[in-house]
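First comes the structure, then the notes that go with it.
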Amino acid sequence: MLKSAAFLTAGAILPINFFASFLPGLSNASDIFFKPVEPSLADELLLPEGYSYHIIRKWGDKISDTDYFGYNNDFVTFLPFKNSSGSINKDEGLMFVNHEYPIPLFVSGYTPEDHKAGLKKSEEQILTEKRSVGFSIFRIKKSAGKWEFVNDEKYNRRIDALSRIMLSGKAAGTKEVQFAYECAGTVGNCSGGVSPWGTILSGEENFQDYPDENIYRWNDSSTKLIDEHYGWMVEIDPFDKNSVPKKRTSLGRFRHENISFVVFADKRIVAYMGDDKEDECVYKFISSGKFDPSNPRANMDILDSGDLYAADFTNNRWILLDIERNEILRKEFNSQAEILVNCDKATKAAGATPCNRCEDIEISPKDQTIYIAFTNNKPKDDYHGSIIRLIEKNNDHTSIEFTWEVFASGGVDSGFSCPDNLYFDSKANLWVLSDMASGSINKGAYEPFKNNSLFMIPTGGSSKGKAFRFAGGPVDSEMCGTCFSPDEQTMFMSVQHPGESSISTNNPTSRWPDFGSELPKPAVVAITGFK
Ligand code: FEO
Ligand code: CA
Ligand code: CA
Ligand code: CA
């Protein structure tokens with residue numbers, strides 16, 4: 001059992017509720033409605049009998065007359081249009097996709113050999129890579145039962161690492177961000193969330209890669225990235241093509257994975273977030289302002305004012321990261337902006353719990369408890385990760401006290417490893433996507449799991465906590481960003497970085513999805529067959 005608490009970094013004390021059998025249980029039974037697929041090393045997107053997929057967009061496809069679909073699609077969400085009556089149009093809307101990072105070999109032609117030889121990237125190669133990341137927004141429509149891309153100049157657009165983006169909130173304009181109110185583009189856009197007012201929040205995760213001398217190196221460019229302008233949550237209104245995205249600095253700067261929202265009874269907004277770095281923390285933000293459901297535009301800057309907390313899993317409490325109201329932080333930091341820009345240091349000083357790489361956080365539609373994926377922490381001997389369930393005191397999301405339990409642990413017994421993205425369907429089945437790093441797949445501790453996979457884990461009923469493999473990914477890929485269409489008959493999903501460990505384009509490890517002599521391409525797929 002001790003392994004189950006492995007998301008806590010060594011030295012943490014187990015809370016008294018570790019064996020949390022007394023916590024409120026979930027009751028609804030959930031049928032397993034598909035025949036699980038076997039672990040596989042096949043270079044294909046494997047689905048259960050009766051299910052099939054088609055591609056909505058893949059790397060390099062046009063999304064408008066001037067823009068193309070970016071690389072390494074991650075977060076995917078569908079935003080339905082509204083009918084004139086105000087009801088949801090189940091068959092038409094916008095798709096929003098994050099493009100997390102380029103693989104230089106396939107995007108700019110900068111090869112691992114070039115890097116090994118110490119060759120610099122050309123300005124043109126860097127520009128090509130900068131244009132391959134960010135967001136794609138485009139219209140999709142269901143016709144004759146099949147979802148398809150629609151070229152609509154009213155909505156379709158790209159945001160990339162060159163786009164103009166504003167800095168907003170408590171750190172904007174301060175010396176900690178070099179007095180800036182705007183910055184160049186967005187990077188590392190991993191997962192994200194949809195706000196209650198209909199905007200998208202996109203997490204800048206591995207922003208640290210680009211100034212380094214690694215294969216992503218953009219520091220040879222004449223336009224260098226300013227470190228403090230990255231590592232934020234970026235908000236964009238996908239329905240307004242002219243809107244300029246804003247980095248919400250009051251939500252803190254760290255390796256953001258995703259964000260999940262609750263509208264509290266008094267209409268304050270509570271948002272949960274995690275830092276996907278080894279030995280970093282879980283956060284929540286409580287807005288000062290109140291959500292106005294009757295006027296979406298009135299909520300546009302609600303994330304600029306409020307309190308940021310980090311979780312202390314030893315003492316079951318949220319620690320406020322505020323210079324005025326936290327004496328410990330006042331001794332070590334000079335301003336709230338300094339705390340927000342250096343969240344990793346502030347959480348350590350304040351006593352928050354270092355965790356084993358927090359990936360996605362989702363809120364159960366059944367009981368509003370919070371499910372958190374910790375993917376792994378190899379230096380701390382946690383190879384397979386776990387999913388925990390956090391229960392706020394009295395189910396009050398503004399409470400500073402909580403309890404928690406382990407919901408599912410990765411490993412050979414459970415059948416999954418390295419949980420990353422999570423998604424709840426309307427029956428509170430938890431869909432879990434694994435992310436064993438592409439260099440680790442089928443090696444050592446990861447051998448039994450074969451290619452990365454998508455699992456369904458019921459949160460109630462007789463199969464509660466058991467993982468059922470729904471899909472297996474192509475070679476080297478990670479599947480991510482899963483969501484359902486409003487009628488839950490189609491699942492949208494990203495297939496990211498197929499063929500990532502290739503060292504040359506002559507002999508790539510994957511040819512998915514076009515096969516033959518084609519190079520691998522990340523793509524967003526629509527999976528049908530759900531009844
Ligand atoms: Fe980009 Fe934490 O996954
Ligand atoms: Ca992820
Ligand atoms: Ca998610
Ligand atoms: Ca991951």
Side-chain angles (χ1 to χ4, degrees), residues 7 70-77 96-103 132-135 161 186-193 200-210 214 216 230-234 252-260 272-283 343-344 355-362 371-378 382-387 410 416-423 430-441 446 449 451-455 473 476-483 493-498 500-501 522 524:
F7 79 96
Y71 203 73
N72 268 350
N73 32 250
D74 196 303
F75 178 65
V76 175
T77 198
F96 180 97
V97 181
N98 273 349
H99 299 288
E100 188 174 7
Y101 64 98
I103 296 177
S132 76
V133 300
F135 320 143
T186 184
V187 300
N189 303 91
C190 187
S191 191
I200 300 289
L201 277 292
S202 170
E204 292 189 312
E205 189 192 22
N206 287 309
F207 61 92
Q208 77 289 343
D209 281 336
Y210 303 94
N214 63 31
Y216 304 111
Y230 305 92
W232 302 105
M233 265 290 163
V234 191
R253 175 174 171 267
F254 45 89
R255 293 191 202 175
H256 280 281
E257 178 78 18
N258 88 318
I259 186 165
S260 281
Y272 294 88
M273 303 172 285
D275 183 340
D276 183 6
K277 189 182 174 198
E278 285 151 357
D279 308 328
E280 294 301 337
C281 297
V282 174
Y283 295 80
C343 277
D344 54 347
C355 295
N356 288 358
R357 295 187 50 205
C358 178
E359 296 267 18
D360 220 344
I361 302 178
E362 291 293 339
Y371 285 69
I372 306 175
F374 294 102
T375 195
N376 64 61
N377 190 345
K378 294 174 197 170
D382 176 10
Y383 286 85
H384 300 303
S386 57
I387 301 167
F416 72 92
S417 182
C418 303
D420 188 322
N421 284 162
L422 306 174
Y423 180 80
L430 187 61
W431 295 82
V432 179
L433 300 116
S434 73
D435 179 19
M436 298 168 286
S438 44
S440 303
I441 292 169
Y446 300 107
F449 306 93
N451 287 354
N452 276 313
S453 297
L454 164 61
F455 299 86
D476 285 345
S477 74
E478 161 199 7
M479 295 178 288
C480 39
T482 300
C483 71
M493 188 176 77
S494 273
V495 178
Q496 194 184 153
H497 54 72
E500 184 169 36
S501 61
V524 169

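Computed from a predicted structure; not experimentally measured. Position 1 is the first residue of the sequence; numbering continues from there. Just follow the structure's listing: the first ligand is 1, and inside any ligand the first atom is 1.
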- prompt: Are Ser438 and Glu478 linked by a side-chain donor-acceptor pair shorter than 3.5 Å?
  reply: no
message: Between Phe254 and Tyr283 (judged by ring centroids, cut-off 6.0 Å), do the two rings come close enough to count as a pair?
response: yes
query: Is the shortest side-chain N to carboxylate O distance from Arg255 to Glu257 below 4.0 Å?
result: no
- request: With side chain to side chain contact (heavy atoms under 4.5 Å, CB included) as the test, would you mind laying out the steps for Ser494 and Cys480 before giving the verdict?
  value: CA-CA 5 Å; Ser494 273; Cys480 39; 3.8 Å; yes
- request: May I have the step-by-step check of side chain to side chain contact (heavy atoms under 4.5 Å, CB included) for Tyr371 and Leu430, ending in yes or no?
  value: CA-CA 9 Å; Tyr371 285 69; Leu430 187 61; 3.9 Å; yes
- request: Apply the test side chain to side chain donor-acceptor pair (under 3.5 Å) to residues Asp74 and Asn189: give CA-CA distance (whole Å), side-chain angles for both, the deciding distance (0.1 Å), then the verdict.
  value: CA-CA 8 Å; Asp74 196 303; Asn189 303 91; over 6 Å; no
message: Less than 6.0 angstrom separating the ring centers of His384 and Tyr446, yes or no?
response: yes
query: Hey, what's the ring geometry for Tyr101 with Tyr216, parallel, tilted or perpendicular (30° and 60° as the breaks)?
result: perpendicular
- prompt: From the Ca ion (ligand 4), how many protein N/O/S atoms are found at a distance short of 3.0 Å?
  reply: 3
message: Distance check, rounded to the nearest 0.5 Å: Ile200 atom CD1 versus Asn98 atom CG?
response: 8.5 Å
message: Distances under 2.8 Å only: what protein N/O/S atoms are near atom 1 (Fe) of ligand 1, ordered by chain and residue?
response: Glu100 OE2, Cys190 SG, Glu205 OE1
